[in-house]
*Asks:* 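My structure is below; once you've seen it, I'll send some questions.
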Amino acid sequence: MTESAISAHRTPRVRFAPSPTGFLHVGSARTFIFNWLYARHNGGTIVLRIDDTDVERNTEASVQSIFEGLKWLGLDWDEEYKQSERLDLHREAAEAIFAKGLAYRDFTPAHVGDDNQSSAQGAWLCNPGMRDLSREESDRRAASGEPFALRSRVPRGEHSVLRFTDAVYGTQTKLTDEVEDFALLRSDGMPTYHLASCVDDAELRITHIIRGQDHLTNTFKHQLIFAGLGVEPPQFAHLPLLVAPDGTKLSKRKHGPVVSVTTYRDAGFLPQAYVNFLCLLGWSPKNDREYMPLDELRDLFSLEGVNRSNAVINFTEEEPFDAKAVWLNAEHIRALPVEVLARELQPFFERAGFKVTPEKVLAVTPLIRERIKLLSEAVSAADFFFVDELAPYDVAELIPPKGGDAAMARKVLETALEVLAVTNFDHDSLDQALRGAAGQLGLKAGPMFQPIRVAVCGRKNAPPLFETLVALGREVCLKRIREATENLSRIGR
RNA sequence: GUCCCCGUCGUCUAGCCCGGCCUAGGACACCGCCCUUUCACGGCGAUAACACGGGUUCAAAUCCCGUCGGGGACGCCA
């Protein structure tokens with residue numbers, strides 16, 4: 001029976017284990033999403049574990065910002081742990097491994113600074129002498145209080161092979177001779193990532209570890225730890241990395257705020273669109289589906305659909321968001337019921353300083369929902385609905401296209417003033433009345449509508465005219481058209 | 001340096017495991033046309049890729065070898 005056949009019989013328990021050293025990273029978000037999808041698809045459990053054993057770098061602010069990102073994504077989890085609260089477990093495990101002779105004390109002073117052990121002449125394997133220290137001497141030095149790190153005693157010269165089958169990358173093998181004696185415990189007694197992670201995975205009965213491919217080679221060490229613990233290792237599934245357009249791993253330092261989840265939130269992405277986008281990076285349902293709501297993603301997800309090559313997330317200085325993410329966001333925006341979209345838009349208008357009531361937003365939403373790709377764009381797409389005074393605009397735009405002149409613009413606006421004063425403010429009445437007026441002036445729809453549109457919106461590109469007039473109301477429309485005629489005469493001749 | 005992984009349109013990908021249906025499919029972006037009162041939506045169309053070189057085979061994007069290119073790991077960080 002293969003490993004995957006065995007694990008298929010277990011209800012999956014997966015975990016997402018971010019370390020709180022900054023905001024929630026795009027790559028982490030995708031790892032979380034894939035874990036969530038896998039768990040929910042298979043009726044399993046998802047564990048959130050904060051891997052905070054690095055006291056130097058972990059901050060409470062970072063924990064908060066990770067939760068903030070997770071909350072926005074809107075995906076839930078079932079259990080929650082903090083690694084720092086499980087230190088006893090880790091130390092006991094280290095003890096047990098040491099007792100079995102699978103680890104040894106290394107009294108070499110801790111490395112400081114950046115002198116890299118593994119540069120020019122191949123990989124560093126161990127600190128000479130320490131591995132072979134007699135038990136007596138080791139005990140004596142430890143008893144005298146000399147600090148030491150606990151290192152794994154990786155088999156040497158036996159030609160033993162480490163092997164595991166990754167659900168994505170297939171069978172992986174490596175000679176133990178090529179694995180260094182990695183640390184289990186630091187000289188301050190704290191567990192390292194490798195130890196803490198494996199001990200917790202074992203203790204929490206994690207069945208599937210779905211994580212970034214940057215851990216693929218670390219997995220051999222983890223095999224060793226699980227063996228030392230005397231437990232069957234979980235199934236591993238490594239995900240291809242998300243990389244920047246330059247091909248390198250996304251980093252906060254190098255690539256800036258585009259690697260933070262909250263940047264997308266603030267720019268007006270819908271979480272479901274963002275999740276959809278991230279899923280398409282390194283995974284495919286293989287049926288040409290692109291736009292997918294969460295339910296569909298969950299139903300379709302499988303590890304077999306995960307591919308092995310890194311995925312570029314496209315962004316530039318000018319266009320900070322991947323065009324496909326933006327397109328998907330527009331798709332999700334259009335898929336939203338108007339009331340729901342209106343509620344999403346409300347805070348963006350408020351933040352822009354507009355006086356908005358839910359009713360007004362609800363009236364405006366259908367007019368802009370096909371015109372925005374990001375929620376934040378609603379502000380510039382619909383500003384004229386909310387401001388008291390239109391911002392100054394180019395008066396020349398009032399002049400009808402295709403050979404119109406100022407006199408024609410004036411005529412159109414004066415006619416509009418008369419018509420709008422007496423016409424019912426509903427779509428059909430307005431349509432009929434304004435088209436009729438155009439006919440009498442001998443004008444086509446275009447030349448008739450543009451001056452009016454510019455007068456009430458302050459720009460040429462705007463939502464359909466009649467709906468816009470209705471949303472604006474008679475009073476505002478008349479006022480703005482009157483102002484437009486005045487502007488026209490001021491520069492008219 | 002050592003080890004590991006990857007390499008299909010500009011980008012995300014399907015096809016690769018189980019060679020022929022691939023004159024390589026879809027999507028985004030870009031360009032053009034149509035719809036239309038503007039913008040947008042929508043519809044239609046165009047451009048665009050199997051990294052390279054050797055094999056194996058009647059037949060290779062698909063199998064094998066090599067080269068090149070890219071990425072990752074190698075820490076008492078995670």
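The shown structure was predicted, so the numbers you read here are calculated from the model rather than taken from an experiment. Every chain is numbered from 1 and lettered A, B, ... according to where its sequence line falls, protein lines coming before strand lines.
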*Asks:* Using a cut-off of 4.0 Å on non-hydrogen atoms, how would the nucleic acid contact of A:Pro447 be classed: base, sugar-phosphate, or nothing?
*Replies:*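 Counting heavy atoms under 4.0 Å across all strands, no contact is made by A:Pro447.
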
*Asks:* Strictly under 3.5 Å: I want the nitrogen or oxygen pairs between protein and nucleotides 43-53 of chain B, one per line.
*Replies:*
none

*Asks:* A:Leu241 side chain: which of B:C4, B:G71, B:A73 is closest?
*Replies:*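 My answer, after comparing the listed nucleotides, is B:G71.
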
*Asks:* Can you tell me if the side-chain N/O atoms of A:Gln213 get under 4.0 Å from OP1 or OP2 in B:C6?
*Replies:*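 Checking A:Gln213 against B:C6: no side-chain N or O falls below 4.0 Å of OP1 or OP2.
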
*Asks:* In the strands shown, is B:G7 matched to any nucleotide by a Watson-Crick or G-U wobble pair with both distances under 3.5 Å, and which?
*Replies:*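 Across all strands, the one nucleotide that pairs with B:G7 is B:C68.
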
*Asks:* With a 4.0 Å cut-off on heavy atoms, is A:Gly212 in touch with a base, just the backbone sugar-phosphate, or nothing at all?
*Replies:*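 A:Gly212: no heavy atom of the nucleic acid under 4.0 Å.
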
*Asks:* Below 3.5 Å, can you tabulate the donor-acceptor pairs from side chains in residues 302-310 of chain A to any protein atom, sequence neighbours excluded?
*Replies:*
unit_1   : atom_1 : unit_2   : atom_2 : d
A:Ser302 : OG     : A:Glu304 : N      : 3.3
A:Arg308 : NH1    : A:Val168 : O      : 2.8

*Asks:* Using a heavy-atom cut-off of under 4.0 Å over every strand shown, decide if A:Thr21 touches base, sugar-phosphate, or nothing.
*Replies:*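 It contacts nothing in the nucleic acid.
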
*Asks:* Assign each of A:Ala17 and A:Asn307 to its nearest nucleotide of RNA chain B by heavy atoms, then name whichever residue's nucleotide is nearer the 5' end.
*Replies:*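 Upstream on the strand: A:Asn307.
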
*Asks:* Out of B:C12, B:G72, B:C39, which nucleotide sits closest to the side chain of A:Arg371?
*Replies:*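 The answer is B:C39, which lies nearest to the side chain.
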
*Asks:* Counting any heavy atom closer than 4.0 Å, what does A:Thr248 reach on the DNA or RNA strands: base, sugar-phosphate only, or nothing?
*Replies:*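 Sugar-phosphate, no base atom in range.
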
*Asks:* Are any of A:Lys174's side-chain N or O atoms less than 4.0 Å away from OP1 or OP2 of B:U2?
*Replies:*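 For A:Lys174, the contact criterion (side-chain N or O under 4.0 Å from OP1 or OP2 of B:U2) is not met.
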
*Asks:* Determine the Euclidean distance between corresponding C1' atoms of B:A49 and B:U11; express it in Å to zero decimal places.
*Replies:*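 Each nucleotide's C1' atom is 12 Å from the other's.
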
*Asks:* For A:Phe16, is the NZ or CZ atom of A:Arg49 found under 6.0 angstrom from the centre of its six-membered ring and inside 45 degrees of the ring axis?
*Replies:*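 No cation-pi geometry.
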
*Asks:* Please table the atom pairs, donor to acceptor, closer than 3.5 Å between any side-chain atom in residues 321-335 of chain A and protein atoms at least two apart or in another chain.
*Replies:*
unit_1   : atom_1 : unit_2   : atom_2 : d
A:Asp322 : OD1    : A:Lys324 : N      : 2.8
A:Asp322 : OD2    : A:Asn314 : N      : 2.9
A:Lys324 : NZ     : A:Glu290 : OE1    : 2.9
A:Asn329 : OD1    : A:Leu270 : N      : 2.8
A:Asn329 : ND2    : A:Gly268 : O      : 3.1
A:Asn329 : ND2    : A:Lys373 : O      : 2.7
A:Glu331 : OE2    : A:Arg334 : NH1    : 3.0
A:His332 : ND1    : A:Leu328 : O      : 3.0

*Asks:* Side chain to side chain donor-acceptor pair (under 3.5 Å) with A:Glu467: which residues, sequence neighbours excluded?
*Replies:*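 Scan of A:Glu467 (side chain to side chain donor-acceptor pair (under 3.5 Å), adjacent residues dropped) gives none.
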
*Asks:* Within a radius of less than 6.0 Å around NZ of A:Lys444, do more than 12 heavy atoms belonging to other residues, nucleotides or ligands occur?
*Replies:*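 Atom NZ in A:Lys444 is not crowded, with 12 or fewer foreign heavy atoms closer than 6.0 Å.
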
*Asks:* Under 3.5 Å, is there any donor-acceptor pair linking the side chain of A:Arg308 to the base of B:C6?
*Replies:*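 Answer is no: no donor-acceptor pair is held.
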
*Asks:* Looking at the side chain of A:Lys373, which of B:C12, B:C3, B:C41 is the nearest nucleotide?
*Replies:*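 Closest nucleotide among those given: B:C41.
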
*Asks:* Figure out the CG/C1' separation between A:Asp54 and B:C76, and round it to whole Å.
*Replies:*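 Atom CG in A:Asp54 sits about 11 Å away from atom C1' in B:C76.
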
*Asks:* How would you label the contact of A:Gln172 with the nucleic acid (heavy atoms, under 4.0 Å): base, sugar-phosphate, or nothing?
*Replies:*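 It contacts sugar-phosphate atoms only.
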
*Asks:* What residues, two or more places apart in sequence or in another chain, satisfy side chain to side chain donor-acceptor pair (under 3.5 Å) together with A:Tyr393?
*Replies:*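 With neighbours one apart ignored, the set is empty.
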
*Asks:* Can you figure out which of B:G72, B:C12, B:U38 approaches the side chain of A:Asp214 most closely?
*Replies:*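 Of the candidates, B:G72 comes closest.
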
*Asks:* Can you check the A:Met448 CE to B:U38 P distance for me, whole Å?
*Replies:*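 For the pair A:Met448 CE and B:U38 P, the rounded distance is 15 Å.
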
*Asks:* Tabulate below the donor-acceptor pairs under 3.5 Å that side-chain atoms of residues 175-185 of chain A make, not counting sequence neighbours, or state none.
*Replies:*
unit_1   : atom_1 : unit_2   : atom_2 : d
A:Thr176 : OG1    : A:Pro155 : O      : 3.1
A:Thr176 : OG1    : A:Ser160 : O      : 3.3
A:Thr176 : OG1    : A:Ser160 : OG     : 2.8
A:Asp177 : OD1    : A:Gly157 : N      : 2.5
A:Glu180 : OE2    : A:Lys221 : NZ     : 2.9
A:Asp181 : OD1    : A:Arg131 : NH1    : 3.2
A:Asp181 : OD1    : A:Val154 : N      : 3.2
A:Asp181 : OD1    : A:Arg156 : NH2    : 2.7
A:Asp181 : OD2    : A:Tyr104 : OH     : 2.6
A:Asp181 : OD2    : A:Arg131 : NH1    : 3.1

*Asks:* Could you list, one pair per line, each protein nitrogen or oxygen that sits under 3.5 Å from a nitrogen or oxygen of nucleotides 19-28 of chain B, together with the distance?
*Replies:*
unit_1 : atom_1 : unit_2   : atom_2 : d
B:G26  : N2     : A:Glu290 : OE2    : 2.9
B:A27  : N3     : A:Lys324 : NZ     : 2.8
B:C28  : O2'    : A:Lys324 : N      : 3.4

*Asks:* Nearest of B:C6, B:C39, B:C4 to any side-chain atom of A:Asn461?
*Replies:*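 Closest nucleotide among those given: B:C39.
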
*Asks:* Can you figure out which of B:U38, B:C76, B:U13 approaches the side chain of A:Ser187 most closely?
*Replies:*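 Closest nucleotide among those given: B:C76.
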
*Asks:* Looking at the side chain of A:Lys249, which of B:G72, B:U13, B:C74 is the nearest nucleotide?
*Replies:*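 The closest nucleotide is B:G72.
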
*Asks:* Go through B:C41, B:C5, B:G71 for me and flag the one nearest to the A:Asn310 side chain.
*Replies:*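 Selected nucleotide (nearest to the side chain): B:G71.
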
*Asks:* Hey, does the side chain of A:Thr365 reach the backbone of A:Val361 with a donor-acceptor pair shorter than 3.5 angstrom?
*Replies:*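 Side chain of A:Thr365 to backbone of A:Val361: a pair is present.
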
*Asks:* Assign the ring pair A:Tyr264 / A:Tyr274 to parallel, tilted or perpendicular, where the plane angle (0 to 90°) is split at 30° and 60°.
*Replies:*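 Aromatic pair A:Tyr264/A:Tyr274 classed tilted.
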
*Asks:* To the side chain of A:Trp124, which of B:G75, B:A73, B:C77 is closest?
*Replies:*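 Of the options given, the side chain of A:Trp124 lies nearest B:G75.
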
*Asks:* In whole angstroms, how far is the C1' atom of B:G71 from the CG atom of A:Leu250?
*Replies:*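 Distance check: A:Leu250 CG to B:G71 C1' gives 13 Å.
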
*Asks:* If I pick the C1' atom on B:U56 and the same atom on B:G70, what distance separates them, to the nearest angstrom?
*Replies:*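 After rounding to an integer number of Å, I get 29 Å for this pair.
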
*Asks:* Is it true that atom CD of A:Glu414 has more than 12 heavy atoms of other residues, nucleotides or ligands lying nearer than 6.0 Å?
*Replies:*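 It does: A:Glu414 CD has more than 12 such atoms within range.
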
*Asks:* Let's see if you get this right: which residues in residues 425-445 of chain A place a heavy atom under 4.0 Å from RNA chain B?
*Replies:*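 RNA chain B contact set from residues 425-445 of chain A: A:Arg435, A:Ala445.
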
*Asks:* Grab the NE2-P distance between A:His215 and B:G75 for me, whole Å please.
*Replies:*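 Whole-Å distance recorded here is 15 Å.
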
*Asks:* Shorter than 3.5 Å, N or O on both sides, protein versus nucleotides 61-67 of chain B: list them out with atom names.
*Replies:*
none

*Asks:* Which residues pass the ring pair (Phe, Tyr, Trp, His ring centres under 6.0 Å) test with A:Phe449, sequence neighbours left out?
*Replies:*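 By the ring pair (Phe, Tyr, Trp, His ring centres under 6.0 Å) rule, A:Phe449 matches A:Phe466.
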
*Asks:* Does the side chain of A:Arg86 pick up a donor-acceptor pair with the side chain of A:Thr53 at under 3.5 Å?
*Replies:*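 Not at all, the side chains of A:Arg86 and A:Thr53 share no donor-acceptor pair under 3.5 Å.
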
*Asks:* Which residues pass the salt bridge (Lys or Arg N to Asp or Glu O under 4.0 Å) test with A:Arg153, not counting sequence neighbours?
*Replies:*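 With neighbours one apart ignored, the set is empty.
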
*Asks:* Verify the distance criterion only: is there a donor paired with an acceptor across the side chains of A:Asp166 and A:Gln172 at less than 3.5 Å?
*Replies:*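 Note: A:Asp166 and A:Gln172 side chains miss the donor-acceptor criterion.
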
*Asks:* Tell me, please, which residues at least two apart from A:Phe277 pass ring pair (Phe, Tyr, Trp, His ring centres under 6.0 Å).
*Replies:*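 A:Phe277 satisfies ring pair (Phe, Tyr, Trp, His ring centres under 6.0 Å) with no other residue.
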
*Asks:* Could you give the CG-to-P distance, from A:Asn314 to B:A29, as a whole number of Å?
*Replies:*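 Going from CG in A:Asn314 over to P in B:A29 covers 12 Å.
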
*Asks:* Below 30° counts as parallel, above 60° as perpendicular, anything between as tilted: where do the rings of A:His215 and A:His222 land?
*Replies:*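 The rings of A:His215 and A:His222 sit tilted, inter-plane angle from 30° to 60°.
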
*Asks:* Rounded to the nearest Å, what distance is computed from the CG atom of residue A:Leu125 to the C1' atom of nucleotide B:U2?
*Replies:*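 Rounded to the whole Å, the gap is 9 Å.
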
*Asks:* With sugar-phosphate meaning primed atoms plus P, OP1 and OP2, does A:Phe466 contact a base, only sugar-phosphate, or nothing at under 4.0 Å between heavy atoms?
*Replies:*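 Base, at least one base heavy atom under 4.0 Å.
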
*Asks:* Any idea which of B:G15, B:C39, B:C76 is nearest the A:Lys286 side chain?
*Replies:*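 Among the listed nucleotides, the one closest to the side chain of A:Lys286 is B:G15.
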
